[in-house]
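Below is one structure, written out as structure tokens; the observations come after it.
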Amino acid sequence: MKKTIKKILIANRGEIALRVIRSAKEMGIQTVAIYSEADKNAPFVRAADESYLIGPPPSNQSYLLADKIIDIALQCKADAIHPGYGFLSENADFAEKVTNAGIIFIGPPASAMRKIGDKLSAKKTAKEQNVPMISGSEGAIRDIEEAKKIAHKIGFPLLIKASAGGGGKGMRLVNKMEELEESIQRAMSEALSAFGDDAVFIEKYAEEPKHIEVQILGDQYGNVVYLFERECSIQRRHQKVIEEAPSSAISEELRKRMGECAVALAKAVGYYNAGTVEFLVDKHRNFYFLEVNARLQVEHPVTEMITGLDLVKEQIKIAMGEPLSFTQNDLKISGHSIEVRVSAEDPFNNFLPDIGKLLMYKRPQGHGIRVDDGYEEGMDIPVYYDPMIAKLIVHAKDRNAAIEKMIRAIDEFKIVGIETTLDFCKFVLKHPDFISGKFDTGFVAKYFSPEKLHENLLADEQEVLAIFSGAYYELQRNKLKTYNNHLNQQHTSDWYRRRK
Ligand code: MV4
């Protein structure tokens, strides 16, 4: 059934709110921002046609207030809500409430979200569709004897995973039988307190796997296509750092098989709108189903770059009840795209969030460069939310050209006032194992140390200042820290006053 959308409320903040607003504008759709007190001066609030303060900075008093958000949408007569990622985006109860209030939820239907929301039911459906599964328990572990039998069959090391977990939360590695019982008990009680669900299952531990995910798009008439894969193995403690599309490790044939598995899974649960099916790929190029992410993902731009599609526009058209305007055969991969996540974290201090004021913030420019961000020079980075301040995306004719372009773009990105992960990303991009494509999810743990990063930075400076590089770098670092501390002690509102 076709419905027009004239006004969208964006139930999110930062770069993704701005990202959605931009596409809506291009479609002639009005936009509504909701914002917390910490975000009152944020660009996404100004970019929207209307904006409403929702509450104090903490998420549970602002961006997570489902009922309040729906009330605002009803009051301002928004036809639809886009949830972005994080916050309420994968909450089936929220999607259902939105729909019951007569508002279009720009995302999958609540019924499909429930069927793939917990990992055990997602795995059950995937198995029924003949998606390759890593060996392990069929369902939740009921007792220790059963667990021992399975462990005996599949061998060690193995992983205990929480069905309600995700993104590495509630995972436990077990190396030998003697550890099994205690690990299961712990995993169950942790899962219960973290997710309110103690269901855990066992999987054989895949060593040195790659993390590959397939983007899917489906309409409300049962048409589903795959928009190829993203390589997401470069991550640190389950936080993705660099993503790219396509993956240099995936052949045409494997791409097709993985894509078709993702599509079959989506069709089996009546999934529509955008979604992602995650897989592990082992060193023998076997792939295994992991989980489904029922949302638009942070790294969706790399898929946009190689397909030429605007995923947010596609999401909106699907939500309006339009059929997909292309088939699988119409889709082609064009060039190569890489994204780095620029986070306000200090790589020299265990990636601790580094808040403060963006004293200088100059974006890179030029051919094939895209910056999706949510802050401007002079703004304070709030402590309350994810430390990601920008996504830097490049698109070039092939992988090597994309790497070169990304390094150039990183060098051009000038951020002063806070520490960021930019230099860390450059370290990865210059690493021989990254360049050769021979890397897995263990890359960062294996190669990264602050000392290595320091060496790289020194080498960089040496190109310019042959002799004093070390001293120069330390000096700049200390100067910035001192300057930052000094400024933070002053009134943080200075900048806004000056603007007026
Ligand atoms: C695994 C695995 C090895 N074997 N499952 C981590 C996040 C969650 N989505 C699944 N994860 C993993 N599951 C089996 N059977 C290794 C990981 C894993 C990982 C996966 C994707 C990206 C980064 C990772 C880092 C460490 C472990």
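Remember, it's 1-based here, ligands and their atoms both numbered in the order they're listed.
Atom numbering of ligand 1 starts at 1 in the shown order; those under 4.0 Å from a heavy atom of Leu290 are 9 (N), 10 (C), 13 (N). Short contacts between ligand 1 and Tyr205, defined as distances under 4.0 Å to a heavy atom of the residue, involve ligand atoms 3 (C), 4 (N). If you number the atoms of ligand 1 from 1 as listed, the ones under 4.0 Å from a heavy atom of Lys204 come out as 4 (N), 14 (C), 15 (N). Ligand 1 places these atoms under 4.0 Å from at least one heavy atom of Glu278: 9 (N).
If you check which protein heavy atom lies closest to atom 11 (N) of ligand 1, you get Met171 SD, 3.5 Å. Ranking the protein heavy atoms by distance from atom 7 (C) of ligand 1 puts Gly168 N, 3.3 Å first. Looking only at protein heavy atoms, the nearest one to atom 14 (C) of ligand 1 is Leu159 CD1, 3.3 Å. Nearest protein neighbour of atom 4 (N) of ligand 1, counting heavy atoms only, is Ala206 N, 2.9 Å. Protein heavy atom at the shortest distance from atom 9 (N) of ligand 1 is Glu291 OE1, 3.0 Å. Protein heavy atom at the shortest distance from atom 22 (C) of ligand 1 is His211 ND1, 3.1 Å. Among protein heavy atoms, the minimum distance from atom 25 (C) of ligand 1 is reached at Gln235 NE2, 3.2 Å.
One finds no salt bridge joining Lys210 and Asp440 here, because no Lys/Arg side-chain nitrogen approaches an Asp/Glu carboxylate oxygen to under 4.0 Å. Ion pairing of Glu213 with Arg230 is present here, as a side-chain N (NZ or NE/NH1/NH2) and a carboxylate O approach within less than 4.0 Å.
Close N/O approach between Leu280 and ligand 1 is not found [any backbone or side-chain N/O within under 3.5 Å]. When only interatomic distances are considered, the shortest N/O to N/O separation between Lys161 and ligand 1 falls below 3.5 Å. The shortest N or O to N or O distance between His238 and ligand 1 is not below 3.5 Å. At a 3.5 angstrom cut-off on N or O pairs, Glu203 counts as close to ligand 1.
Note on ring orientation: taking the six-membered ring where Trp is involved, the planes of Tyr63 and Phe44 are tilted (angle from 30° to 60°).
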Salt bridge (charged side-chain N to carboxylate O under 4.0 Å, His left out) evaluation trace for Lys176 with Glu179: CA-CA 6 Å; Lys176 46 182 185 289; Glu179 297 168 0; 3.3 Å; yes
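Side chains of Phe279 and Val214 form a contact here, defined as non-hydrogen atoms less than 4.5 Å apart. Annotation: side chain of Leu158 is in contact with side chain of Leu180 (closest heavy-atom distance under 4.5 Å). At least one side-chain heavy atom of Val312 sits less than 4.5 Å from a side-chain heavy atom of Gln315. Using a 4.5 Å heavy-atom threshold, the side chains of Ile389 and Ile415 count as touching.
Remark: Lys438 NZ to Glu208 CD distance equals 13.5 Å, nearest 0.5 Å. Atoms NZ and CG, from Lys119 and Leu290 in turn, are 7.0 Å apart once rounded to the nearest 0.5 Å.
Distances from atom 19 (C) of ligand 1 to the heavy atoms of Val444, Thr441, Ile134, Ile212 put Thr441 nearest.
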